[in-house]
Amino acid sequence: NADMALYRAKRSENEHCLFFSHEMNAEAAARLSLEGDLRRALAQGDQLAVHFQVQYDVRTARPSGAEALVRWTHPTLGPIPASTIIAVAEDSDLIHELGDWVLRSALAHYAHWRQRGCPRLLIAVNLSAVQFRNRGLVERVLSVLREYGVPPEDLELELTESMLMQDVTQAIVLLEAISRAGIRLAIDDFGTGYSSLSYLKRFRVDRLKVDQSFVHNLGKEGNDSDNDAVIARAVINLGHSLGLEVIAEGVETQAQYEYLRAQGCDSVQGFLFARPEPADTVLGNLVPRASGDAGPA
Ligand code: C2E
Ligand code: MG
Ligand code: MG
Ligand code: MG
(Lines give C-alpha, C1' and ligand atoms only; values in the text may rest on other atoms or scores of the structure.)
(Ligands and ions follow the chains in the order given, each with its own letter.)
Protein backbone atom coordinates (compact mmCIF):
# COMPACT_ATOMS: atom_id res chain seq x y z
CA ASN A 1 0.00 0.00 0.00
CA ALA A 2 2.70 2.47 1.03
CA ASP A 3 4.90 1.27 -1.85
CA MET A 4 2.10 1.83 -4.30
CA ALA A 5 1.50 5.34 -3.03
CA LEU A 6 5.20 6.14 -3.25
CA TYR A 7 5.31 4.81 -6.78
CA ARG A 8 2.42 6.99 -7.79
CA ALA A 9 3.99 10.00 -6.12
CA LYS A 10 7.27 9.47 -7.98
CA ARG A 11 5.55 9.21 -11.29
CA SER A 12 3.47 12.28 -10.79
CA GLU A 13 4.48 15.87 -10.18
CA ASN A 14 1.03 16.52 -8.92
CA GLU A 15 1.08 18.13 -5.47
CA HIS A 16 -2.10 16.43 -4.43
CA CYS A 17 -0.70 13.03 -5.20
CA LEU A 18 2.43 13.72 -3.18
CA PHE A 19 0.33 14.84 -0.27
CA PHE A 20 -1.73 11.70 -0.62
CA SER A 21 1.38 9.53 -0.51
CA HIS A 22 2.48 11.34 2.63
CA GLU A 23 -0.81 10.57 4.31
CA MET A 24 -0.67 6.95 3.28
CA ASN A 25 2.80 6.59 4.76
CA ALA A 26 1.76 8.29 7.95
CA GLU A 27 -1.27 6.04 8.19
CA ALA A 28 0.78 2.92 7.47
CA ALA A 29 3.31 3.96 10.11
CA ALA A 30 0.59 4.66 12.65
CA ARG A 31 -0.94 1.27 11.98
CA LEU A 32 2.40 -0.42 12.38
CA SER A 33 3.06 1.23 15.71
CA LEU A 34 -0.47 0.47 16.90
CA GLU A 35 0.14 -3.14 15.96
CA GLY A 36 3.19 -3.29 18.22
CA ASP A 37 1.27 -1.55 20.99
CA LEU A 38 -1.65 -3.97 20.64
CA ARG A 39 0.74 -6.92 20.78
CA ARG A 40 2.15 -5.57 24.04
CA ALA A 41 -1.34 -4.83 25.37
CA LEU A 42 -2.38 -8.44 24.72
CA ALA A 43 0.73 -9.80 26.42
CA GLN A 44 0.29 -7.51 29.38
CA GLY A 45 -3.50 -7.55 29.65
CA ASP A 46 -4.56 -4.56 31.74
CA GLN A 47 -5.06 -2.02 28.91
CA LEU A 48 -7.73 -4.21 27.35
CA ALA A 49 -11.25 -4.81 28.59
CA VAL A 50 -14.53 -6.24 27.47
CA HIS A 51 -17.56 -4.06 28.10
CA PHE A 52 -21.13 -5.31 27.90
CA GLN A 53 -24.25 -3.71 26.48
CA VAL A 54 -27.40 -5.26 27.90
CA GLN A 55 -30.15 -6.37 25.50
CA TYR A 56 -33.83 -6.39 26.50
CA ASP A 57 -36.74 -8.63 25.69
CA VAL A 58 -39.52 -6.38 24.36
CA ARG A 59 -42.37 -8.53 25.70
CA THR A 60 -41.11 -8.91 29.26
CA ALA A 61 -39.01 -5.70 29.39
CA ARG A 62 -36.33 -7.76 31.15
CA PRO A 63 -32.65 -8.15 30.30
CA SER A 64 -32.26 -11.07 27.90
CA GLY A 65 -28.64 -10.80 26.91
CA ALA A 66 -25.48 -8.71 26.69
CA GLU A 67 -23.16 -7.97 23.80
CA ALA A 68 -19.44 -8.09 24.55
CA LEU A 69 -17.51 -5.18 22.99
CA VAL A 70 -13.74 -4.86 23.11
CA ARG A 71 -12.17 -1.75 24.69
CA TRP A 72 -8.56 -0.60 24.63
CA THR A 73 -7.16 2.28 26.65
CA HIS A 74 -3.84 3.07 25.00
CA PRO A 75 -1.21 4.37 27.48
CA THR A 76 -0.62 7.61 25.54
CA LEU A 77 -3.43 7.82 22.93
CA GLY A 78 -6.27 7.00 25.33
CA PRO A 79 -9.36 5.06 24.20
CA ILE A 80 -8.99 3.49 20.72
CA PRO A 81 -12.24 2.92 18.77
CA ALA A 82 -13.28 -0.74 18.56
CA SER A 83 -13.35 -0.56 14.74
CA THR A 84 -9.68 0.55 14.73
CA ILE A 85 -8.65 -2.18 17.18
CA ILE A 86 -10.25 -4.81 14.96
CA ALA A 87 -8.75 -3.32 11.76
CA VAL A 88 -5.25 -3.30 13.28
CA ALA A 89 -5.68 -6.84 14.59
CA GLU A 90 -7.04 -8.11 11.25
CA ASP A 91 -4.11 -6.56 9.36
CA SER A 92 -1.77 -8.70 11.42
CA ASP A 93 -1.92 -12.12 13.00
CA LEU A 94 -3.18 -10.58 16.23
CA ILE A 95 -6.85 -11.13 15.45
CA HIS A 96 -6.71 -14.76 16.58
CA GLU A 97 -5.22 -13.86 19.92
CA LEU A 98 -7.53 -10.87 20.37
CA GLY A 99 -10.59 -12.90 19.37
CA ASP A 100 -9.66 -15.61 21.88
CA TRP A 101 -9.02 -12.99 24.54
CA VAL A 102 -12.44 -11.37 24.03
CA LEU A 103 -14.25 -14.73 24.09
CA ARG A 104 -12.46 -15.94 27.22
CA SER A 105 -12.90 -12.64 28.97
CA ALA A 106 -16.62 -12.42 28.09
CA LEU A 107 -17.31 -15.97 29.30
CA ALA A 108 -15.19 -15.56 32.45
CA HIS A 109 -17.25 -12.49 33.41
CA TYR A 110 -20.52 -14.23 32.63
CA ALA A 111 -19.56 -17.31 34.67
CA HIS A 112 -18.76 -14.98 37.56
CA TRP A 113 -22.11 -13.14 37.20
CA ARG A 114 -23.93 -16.47 37.31
CA GLN A 115 -22.12 -17.38 40.55
CA ARG A 116 -23.30 -14.07 41.98
CA GLY A 117 -26.93 -14.90 41.22
CA CYS A 118 -27.34 -13.34 37.79
CA PRO A 119 -30.14 -14.96 35.75
CA ARG A 120 -29.25 -16.76 32.53
CA LEU A 121 -28.46 -14.41 29.66
CA LEU A 122 -27.43 -14.68 26.04
CA ILE A 123 -23.83 -13.50 25.76
CA ALA A 124 -23.22 -12.11 22.26
CA VAL A 125 -19.65 -12.09 20.96
CA ASN A 126 -18.63 -10.54 17.63
CA LEU A 127 -16.53 -12.69 15.33
CA SER A 128 -14.18 -11.24 12.76
CA ALA A 129 -14.00 -12.63 9.23
CA VAL A 130 -10.55 -14.10 9.91
CA GLN A 131 -11.81 -15.98 12.97
CA PHE A 132 -14.83 -17.28 11.07
CA ARG A 133 -12.64 -18.76 8.32
CA ASN A 134 -10.34 -20.39 10.85
CA ARG A 135 -10.55 -24.17 10.95
CA GLY A 136 -11.11 -25.52 14.42
CA LEU A 137 -13.23 -22.52 15.43
CA VAL A 138 -16.03 -24.67 16.85
CA GLU A 139 -13.64 -26.81 18.89
CA ARG A 140 -11.87 -23.72 20.26
CA VAL A 141 -15.13 -22.07 21.28
CA LEU A 142 -16.48 -25.28 22.82
CA SER A 143 -13.33 -25.76 24.88
CA VAL A 144 -13.57 -22.21 26.29
CA LEU A 145 -17.26 -22.82 27.10
CA ARG A 146 -16.33 -26.02 28.95
CA GLU A 147 -13.51 -24.30 30.78
CA TYR A 148 -15.91 -21.72 32.26
CA GLY A 149 -18.85 -24.08 32.62
CA VAL A 150 -21.05 -22.01 30.33
CA PRO A 151 -23.74 -23.88 28.36
CA PRO A 152 -23.30 -23.40 24.57
CA GLU A 153 -26.93 -22.21 24.40
CA ASP A 154 -25.94 -19.09 26.38
CA LEU A 155 -23.44 -17.97 23.73
CA GLU A 156 -24.39 -16.19 20.53
CA LEU A 157 -21.79 -15.51 17.86
CA GLU A 158 -22.40 -12.44 15.70
CA LEU A 159 -21.41 -12.61 12.04
CA THR A 160 -21.95 -10.17 9.18
CA GLU A 161 -23.54 -10.77 5.80
CA SER A 162 -20.26 -10.18 3.95
CA MET A 163 -18.58 -12.90 6.03
CA LEU A 164 -21.30 -15.31 5.00
CA MET A 165 -21.42 -14.30 1.34
CA GLN A 166 -17.65 -14.53 0.83
CA ASP A 167 -17.80 -18.30 0.52
CA VAL A 168 -21.40 -19.41 0.77
CA THR A 169 -20.77 -23.15 0.60
CA GLN A 170 -18.21 -23.02 3.39
CA ALA A 171 -20.40 -20.68 5.43
CA ILE A 172 -23.33 -23.09 5.28
CA VAL A 173 -21.13 -25.93 6.55
CA LEU A 174 -19.63 -23.80 9.34
CA LEU A 175 -23.00 -22.47 10.48
CA GLU A 176 -24.31 -26.05 10.61
CA ALA A 177 -21.38 -27.11 12.78
CA ILE A 178 -21.74 -24.15 15.15
CA SER A 179 -25.47 -24.69 15.38
CA ARG A 180 -25.09 -28.44 16.00
CA ALA A 181 -22.76 -27.62 18.88
CA GLY A 182 -25.69 -25.75 20.46
CA ILE A 183 -24.17 -22.29 20.00
CA ARG A 184 -26.48 -19.55 18.75
CA LEU A 185 -25.83 -17.42 15.67
CA ALA A 186 -26.89 -13.91 14.74
CA ILE A 187 -26.38 -11.84 11.60
CA ASP A 188 -25.10 -8.43 12.73
CA ASP A 189 -25.71 -5.13 10.88
CA PHE A 190 -28.40 -6.88 8.88
CA GLY A 191 -29.50 -4.97 5.77
CA THR A 192 -26.23 -3.13 5.19
CA GLY A 193 -24.40 -5.96 3.43
CA TYR A 194 -24.92 -7.83 0.24
CA SER A 195 -27.29 -10.49 1.38
CA SER A 196 -28.99 -12.96 -0.86
CA LEU A 197 -32.48 -13.83 0.27
CA SER A 198 -32.24 -17.25 -1.34
CA TYR A 199 -29.20 -18.08 0.82
CA LEU A 200 -30.67 -16.59 3.94
CA LYS A 201 -33.04 -19.51 4.31
CA ARG A 202 -30.13 -21.95 3.96
CA PHE A 203 -28.00 -20.18 6.57
CA ARG A 204 -28.65 -21.83 9.92
CA VAL A 205 -28.93 -18.72 12.08
CA ASP A 206 -31.15 -17.86 15.06
CA ARG A 207 -31.51 -14.15 14.85
CA LEU A 208 -31.24 -11.07 12.66
CA LYS A 209 -29.89 -7.84 14.06
CA VAL A 210 -31.48 -4.82 12.35
CA ASP A 211 -28.62 -2.39 11.70
CA GLN A 212 -28.64 0.85 13.64
CA SER A 213 -28.63 2.91 10.43
CA PHE A 214 -32.25 1.81 9.82
CA VAL A 215 -33.22 2.44 13.42
CA HIS A 216 -31.78 5.95 13.46
CA ASN A 217 -34.60 7.80 11.67
CA LEU A 218 -37.53 5.79 13.03
CA GLY A 219 -40.24 7.94 14.53
CA LYS A 220 -39.00 11.12 12.84
CA GLU A 221 -40.78 13.09 10.12
CA GLY A 222 -39.70 12.86 6.49
CA ASN A 223 -38.74 10.61 3.62
CA ASP A 224 -35.61 9.13 5.18
CA SER A 225 -37.66 8.09 8.13
CA ASP A 226 -40.36 6.59 5.91
CA ASN A 227 -37.80 4.54 3.99
CA ASP A 228 -36.05 3.32 7.11
CA ALA A 229 -39.39 2.43 8.68
CA VAL A 230 -40.22 0.32 5.63
CA ILE A 231 -36.83 -1.42 5.80
CA ALA A 232 -36.98 -2.03 9.57
CA ARG A 233 -40.48 -3.47 9.26
CA ALA A 234 -39.45 -5.60 6.26
CA VAL A 235 -36.47 -7.06 8.16
CA ILE A 236 -38.67 -7.88 11.17
CA ASN A 237 -41.25 -9.58 8.96
CA LEU A 238 -38.63 -11.37 6.89
CA GLY A 239 -36.96 -12.70 10.03
CA HIS A 240 -40.23 -13.88 11.52
CA SER A 241 -41.31 -15.50 8.24
CA LEU A 242 -38.08 -17.50 8.29
CA GLY A 243 -38.67 -18.48 11.93
CA LEU A 244 -35.89 -16.21 13.23
CA GLU A 245 -35.82 -13.82 16.13
CA VAL A 246 -35.16 -10.16 15.43
CA ILE A 247 -33.24 -7.68 17.57
CA ALA A 248 -32.75 -3.99 16.79
CA GLU A 249 -29.53 -2.22 17.73
CA GLY A 250 -28.80 1.47 18.21
CA VAL A 251 -32.14 2.31 19.82
CA GLU A 252 -31.72 5.81 21.24
CA THR A 253 -35.22 7.29 21.50
CA GLN A 254 -38.60 6.31 22.88
CA ALA A 255 -40.13 6.91 19.41
CA GLN A 256 -37.75 4.40 17.81
CA TYR A 257 -38.55 1.89 20.51
CA GLU A 258 -42.33 2.37 20.16
CA TYR A 259 -42.12 1.77 16.43
CA LEU A 260 -40.03 -1.39 16.82
CA ARG A 261 -42.32 -2.74 19.50
CA ALA A 262 -45.41 -2.05 17.38
CA GLN A 263 -43.80 -4.01 14.54
CA GLY A 264 -43.20 -7.02 16.77
CA CYS A 265 -39.42 -6.73 17.13
CA ASP A 266 -38.37 -9.31 19.75
CA SER A 267 -35.50 -7.54 21.50
CA VAL A 268 -33.77 -4.19 21.62
CA GLN A 269 -30.33 -2.82 22.40
CA GLY A 270 -29.24 0.81 22.51
CA PHE A 271 -28.31 3.87 24.52
CA LEU A 272 -31.99 4.40 25.47
CA PHE A 273 -31.74 1.32 27.70
CA ALA A 274 -28.07 0.82 28.47
CA ARG A 275 -24.64 1.85 27.22
CA PRO A 276 -21.78 -0.61 26.93
CA GLU A 277 -20.41 -0.76 30.48
CA PRO A 278 -17.67 -2.49 32.46
CA ALA A 279 -18.53 -5.98 33.70
CA ASP A 280 -18.81 -5.00 37.36
CA THR A 281 -21.24 -2.16 36.55
CA VAL A 282 -23.42 -4.54 34.56
CA LEU A 283 -23.37 -7.08 37.40
CA GLY A 284 -24.29 -4.34 39.89
CA ASN A 285 -27.32 -3.44 37.75
CA LEU A 286 -28.39 -7.03 37.12
CA VAL A 287 -27.87 -8.22 40.68
CA PRO A 288 -27.95 -5.13 42.95
CA ARG A 289 -26.71 -7.01 46.03
CA ALA A 290 -23.57 -8.13 44.18
CA SER A 291 -22.48 -4.59 43.31
CA GLY A 292 -18.95 -3.46 44.06
CA ASP A 293 -17.52 -6.88 43.33
CA ALA A 294 -15.20 -6.49 40.37
CA GLY A 295 -14.75 -10.19 39.59
CA PRO A 296 -12.22 -11.48 37.04
CA ALA A 297 -9.85 -8.94 35.49
P1 C2E B 1 -21.45 -3.83 16.34
O2 C2E B 1 -21.17 -5.24 16.66
O3 C2E B 1 -22.54 -3.56 15.39
O4 C2E B 1 -21.69 -3.13 17.75
C5 C2E B 1 -22.59 -2.07 17.98
C6 C2E B 1 -21.88 -0.76 18.11
O7 C2E B 1 -22.84 0.27 18.27
C8 C2E B 1 -20.95 -0.65 19.30
O9 C2E B 1 -19.87 0.22 18.95
C10 C2E B 1 -21.84 0.03 20.35
O11 C2E B 1 -21.11 0.74 21.34
C12 C2E B 1 -22.60 0.98 19.47
N13 C2E B 1 -23.92 1.33 20.03
C14 C2E B 1 -24.68 0.61 20.87
N15 C2E B 1 -25.85 1.25 21.12
C16 C2E B 1 -25.83 2.38 20.42
C17 C2E B 1 -26.77 3.47 20.26
O18 C2E B 1 -27.86 3.50 20.82
N19 C2E B 1 -26.39 4.48 19.43
C20 C2E B 1 -25.19 4.48 18.78
N21 C2E B 1 -24.92 5.52 17.99
N22 C2E B 1 -24.29 3.47 18.90
C23 C2E B 1 -24.61 2.45 19.70
P24 C2E B 1 -18.36 -0.14 19.25
O25 C2E B 1 -18.24 -0.77 20.62
O26 C2E B 1 -17.55 1.06 18.95
O27 C2E B 1 -18.03 -1.28 18.20
C28 C2E B 1 -18.02 -1.00 16.82
C29 C2E B 1 -17.89 -2.27 16.02
O30 C2E B 1 -16.60 -2.87 16.26
C31 C2E B 1 -18.90 -3.34 16.40
O32 C2E B 1 -20.13 -3.11 15.76
C33 C2E B 1 -18.19 -4.59 15.89
O34 C2E B 1 -18.37 -4.73 14.52
C35 C2E B 1 -16.74 -4.26 16.18
N36 C2E B 1 -16.35 -4.89 17.45
C37 C2E B 1 -16.46 -4.43 18.72
N38 C2E B 1 -15.97 -5.31 19.62
C39 C2E B 1 -15.54 -6.38 18.90
C40 C2E B 1 -14.92 -7.64 19.22
O41 C2E B 1 -14.69 -7.98 20.39
N42 C2E B 1 -14.62 -8.47 18.18
C43 C2E B 1 -14.88 -8.14 16.88
N44 C2E B 1 -14.57 -9.02 15.90
N45 C2E B 1 -15.48 -6.98 16.54
C46 C2E B 1 -15.80 -6.12 17.52
MG1 MG C 1 -22.27 -6.82 17.10
MG1 MG D 1 -24.11 -4.17 14.57
MG1 MG E 1 -21.42 -2.48 13.16
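The figures that follow rest on heavy atoms only: side chains count, while hydrogens, waters and symmetry mates do not. Quick caveat, the model's predicted, so the values are computed rather than measured. We count ligands from 1, going down the list as the structure has it; atoms in each ligand are counted the same way. Nothing fancy with the numbering, it's 1 onward along the sequence.
Residue Asp189 touches ligand 1 through its side chain alone, judged by heavy-atom distances below 4.0 Å.
Atoms of ligand 1 found under 4.0 Å from any heavy atom of Arg71 (numbered from 1 in listed order, with element): 11 (O), 25 (O).
With the Mg ion (ligand 2) as the vertex, OE2 (Glu67) and OE1 (Glu158) define an angle of 90°, rounded to 10°.
Of the candidates Phe132, Phe271, Trp101, it is Phe271 that places a heavy atom closest to atom 17 (C) of ligand 1.
No hydrogens or angles considered: nothing links the side chains of Arg133 and Gln170 as a donor-acceptor pair under 3.5 Å.
Note on ligand 1: Pro81 sits outside its first shell, no heavy atom being nearer than 4.0 Å. Residue Lys209 places no heavy atom under 4.0 Å from ligand 1.
Polar contact with ligand 1: present for Glu67 (N/O pair, distance under 3.5 Å). Inclusion of Val70 in the set of residues having an N or O under 3.5 Å from an N or O of ligand 1 is warranted. Residue-to-ligand polar distances keep Ile86 apart from ligand 1: every N/O pair is separated by 3.5 Å or more. For the pair Gln53 and ligand 1, the shortest N or O to N or O distance falls below 3.5 Å.
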- Could you walk me through whether Gln256 and Lys220 pass the side-chain hydrogen bond (donor to acceptor under 3.5 Å, both in side chains) check? CA-CA 8 Å; Gln256 293 165 352; Lys220 287 188 193 159; over 6 Å; no

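Every residue two or more places apart in sequence or in another chain that forms a side chain to side chain donor-acceptor pair (under 3.5 Å) with Arg207 is listed here: Gln55, Glu156, Ser267.
Taking a 6.0 Å sphere around CD of Gln44, one finds it holds more than 12 heavy atoms contributed by other residues, nucleotides or ligands. No more than 12 heavy atoms of other residues, nucleotides or ligands sit less than 6.0 Å from atom CZ of Arg135. Crowding of His96 atom NE2: a count of heavy atoms from other residues, nucleotides or ligands under 6.0 Å exceeding 12.
Taking 2.8 Å as the criterion, Asp188 counts as a coordinating residue of the Mg ion (ligand 3), since one of its N, O or S atoms falls below it.
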